[in-house]
Amino acid sequence: MDTRCIVIALIRPLPGKTAEVRAHLEAVIPEVHLESGCEFYALHQSTDDTLVFIEAWDTREQWLEHTDGPAVADINKRLDGLLAS
(Lines give C-alpha, C1' and ligand atoms only; values in the text may rest on other atoms or scores of the structure.)
Protein backbone atom coordinates (compact mmCIF):
# COMPACT_ATOMS: atom_id res chain seq x y z
CA MET A 1 0.00 0.00 0.00
CA ASP A 2 1.33 3.44 -0.94
CA THR A 3 1.11 5.80 2.00
CA ARG A 4 2.75 9.06 2.93
CA CYS A 5 6.31 8.66 4.21
CA ILE A 6 7.68 10.95 6.94
CA VAL A 7 11.42 10.89 7.63
CA ILE A 8 13.50 12.55 10.34
CA ALA A 9 17.22 12.39 9.59
CA LEU A 10 19.80 13.40 12.21
CA ILE A 11 23.16 14.67 10.97
CA ARG A 12 25.95 15.27 13.46
CA PRO A 13 28.86 17.31 12.06
CA LEU A 14 32.37 17.01 13.41
CA PRO A 15 33.24 19.76 15.91
CA GLY A 16 33.72 23.07 14.14
CA LYS A 17 32.13 21.82 10.89
CA THR A 18 28.46 22.65 11.51
CA ALA A 19 28.35 25.76 9.31
CA GLU A 20 30.13 23.98 6.45
CA VAL A 21 27.87 20.93 6.66
CA ARG A 22 24.76 23.11 6.86
CA ALA A 23 25.84 25.06 3.76
CA HIS A 24 26.33 21.84 1.79
CA LEU A 25 22.94 20.52 2.85
CA GLU A 26 21.16 23.77 2.07
CA ALA A 27 22.69 23.75 -1.42
CA VAL A 28 20.79 20.60 -2.42
CA ILE A 29 17.39 21.53 -0.95
CA PRO A 30 16.05 23.25 -4.11
CA GLU A 31 16.95 20.19 -6.20
CA VAL A 32 15.17 17.85 -3.78
CA HIS A 33 12.04 20.03 -3.79
CA LEU A 34 11.75 19.28 -7.52
CA GLU A 35 11.84 15.51 -7.03
CA SER A 36 8.68 13.53 -7.67
CA GLY A 37 6.72 13.02 -4.47
CA CYS A 38 8.58 15.53 -2.30
CA GLU A 39 6.02 17.30 -0.13
CA PHE A 40 8.39 18.76 2.44
CA TYR A 41 12.17 18.80 2.86
CA ALA A 42 13.41 21.18 5.53
CA LEU A 43 16.63 21.52 7.48
CA HIS A 44 16.69 22.53 11.14
CA GLN A 45 19.45 22.89 13.72
CA SER A 46 19.19 21.77 17.35
CA THR A 47 20.84 23.51 20.27
CA ASP A 48 23.65 20.91 20.29
CA ASP A 49 24.43 21.61 16.57
CA THR A 50 22.80 18.40 15.37
CA LEU A 51 21.23 19.10 12.00
CA VAL A 52 17.79 17.64 11.45
CA PHE A 53 16.11 17.05 8.10
CA ILE A 54 12.37 16.62 8.28
CA GLU A 55 11.02 15.12 5.08
CA ALA A 56 7.58 14.19 3.76
CA TRP A 57 7.09 12.12 0.61
CA ASP A 58 3.90 11.06 -1.13
CA THR A 59 4.96 7.42 -0.86
CA ARG A 60 7.74 5.32 0.65
CA GLU A 61 8.70 4.26 -2.88
CA GLN A 62 9.34 7.89 -3.86
CA TRP A 63 11.47 8.40 -0.77
CA LEU A 64 13.47 5.27 -1.67
CA GLU A 65 13.98 6.67 -5.18
CA HIS A 66 15.25 9.87 -3.56
CA THR A 67 17.73 7.94 -1.39
CA ASP A 68 19.16 6.28 -4.53
CA GLY A 69 19.10 9.48 -6.57
CA PRO A 70 21.59 12.18 -7.55
CA ALA A 71 20.76 14.62 -4.72
CA VAL A 72 21.64 12.09 -2.00
CA ALA A 73 24.76 11.04 -3.93
CA ASP A 74 25.75 14.73 -4.06
CA ILE A 75 25.08 15.12 -0.33
CA ASN A 76 27.20 12.07 0.49
CA LYS A 77 30.06 13.35 -1.67
CA ARG A 78 29.91 16.87 -0.16
CA LEU A 79 29.85 15.57 3.43
CA ASP A 80 32.65 13.02 3.13
CA GLY A 81 34.93 13.50 6.14
CA LEU A 82 32.77 16.18 7.79
CA LEU A 83 30.44 14.06 9.93
CA ALA A 84 30.68 12.47 13.36
CA SER A 85 27.54 10.46 12.53
Side-chain angles (χ1 to χ4, degrees):
M1 174 190 251
D2 288 342
T3 57
R4 189 174 193 214
C5 180
I6 307 296
V7 177
I8 299 172
L10 303 177
I11 300 138
R12 293 183 177 92
L14 288 171
K17 298 295 184 181
T18 301
E20 183 178 356
V21 169
R22 185 178 181 108
H24 287 308
L25 294 173
E26 288 173 339
V28 300
I29 290 173
E31 178 184 346
V32 174
H33 284 158
L34 297 175
E35 290 183 28
S36 177
C38 180
E39 295 178 20
F40 188 79
Y41 193 77
L43 182 64
H44 304 274
Q45 186 170 340
S46 71
T47 57
D48 69 354
D49 286 339
T50 297
L51 298 170
V52 181
F53 258 125
I54 300 175
E55 310 175 34
W57 296 86
D58 289 338
T59 67
R60 183 176 189 278
E61 289 73 22
Q62 288 171 313
W63 171 70
L64 289 171
E65 289 174 14
H66 159 73
T67 63
D68 290 333
V72 172
D74 187 27
I75 289 169
N76 290 337
K77 181 179 170 185
R78 288 172 180 255
L79 300 183
D80 187 42
L82 298 176
L83 302 180
S85 64

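For the atom pair CG (L25) and CG (D74), the distance works out to 10.0 Å, reported to the nearest 0.5 Å. One distance of note links CG of L10 with CZ of R12; it measures 5.0 Å at 0.5 Å rounding. Expressed to the nearest 0.5 Å, how far SG of C38 lies from CD of E31 amounts to 11.0 Å. To the nearest 0.5 Å, atom SG of residue C5 and atom CD of residue E39 are 10.0 Å apart. From R22, atom CZ reaches atom NE2 of H44 across 9.0 Å, with rounding to the nearest 0.5 Å. Summarising the geometry, atom OG1 belonging to T67 is positioned 9.5 Å from atom CD belonging to E55; distances are rounded to the nearest 0.5 Å.
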Requested in this report: Just do the side chain to side chain contact (heavy atoms under 4.5 Å, CB included) check on V52 and I8 with the steps written out, would you?
Outcome: CA-CA 7 Å; V52 181; I8 299 172; 3.8 Å; yes
Requested in this report: With ring pair (Phe, Tyr, Trp, His ring centres under 6.0 Å) as the test, would you mind laying out the steps for H33 and F40 before giving the verdict?
Outcome: CA-CA 7 Å; H33 284 158; F40 188 79; 7.9 Å; no
Report task. Test side chain to side chain contact (heavy atoms under 4.5 Å, CB included) on E26 and L43 and set out the steps. Result -> CA-CA 7 Å; E26 288 173 339; L43 182 64; 3.9 Å; yes
Report task. Give the intermediate values and the outcome of side chain to side chain contact (heavy atoms under 4.5 Å, CB included) for residues H66 and V72. Result -> CA-CA 7 Å; H66 159 73; V72 172; 3.4 Å; yes
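Heavy-atom minimum distance, L82 versus R78: CD1-O, 3.5 Å. Closest of all the heavy-atom pairs between D49 and P13 is O-CD, 3.6 Å. Between L14 and G81 the shortest heavy-atom distance is CD1-O, 3.3 Å.
More than 12 heavy atoms of other residues, nucleotides or ligands shown are found within 6.0 angstrom of CG on L34.
A donor-acceptor pair shorter than 3.5 Å cannot be found between the side chains of E65 and W63.
Side-chain contact between I29 and F53 is present, with heavy atoms from C-beta onward closer than 4.5 Å. Looking at Y41 and E35, their side chains never come closer than 4.5 Å, going by heavy atoms from C-beta outward. Within the 4.5 Å cutoff, no side-chain heavy atoms of T50 are placed close to those of I11.
A donor-acceptor pair under 3.5 Å links the side-chain atoms of Q62 to the main chain of T59, judged by distance alone.
One hydrophobic cluster holds both L83 and I75 under the rule that ILVMFWY side chains link at heavy-atom gaps under 4.5 Å.
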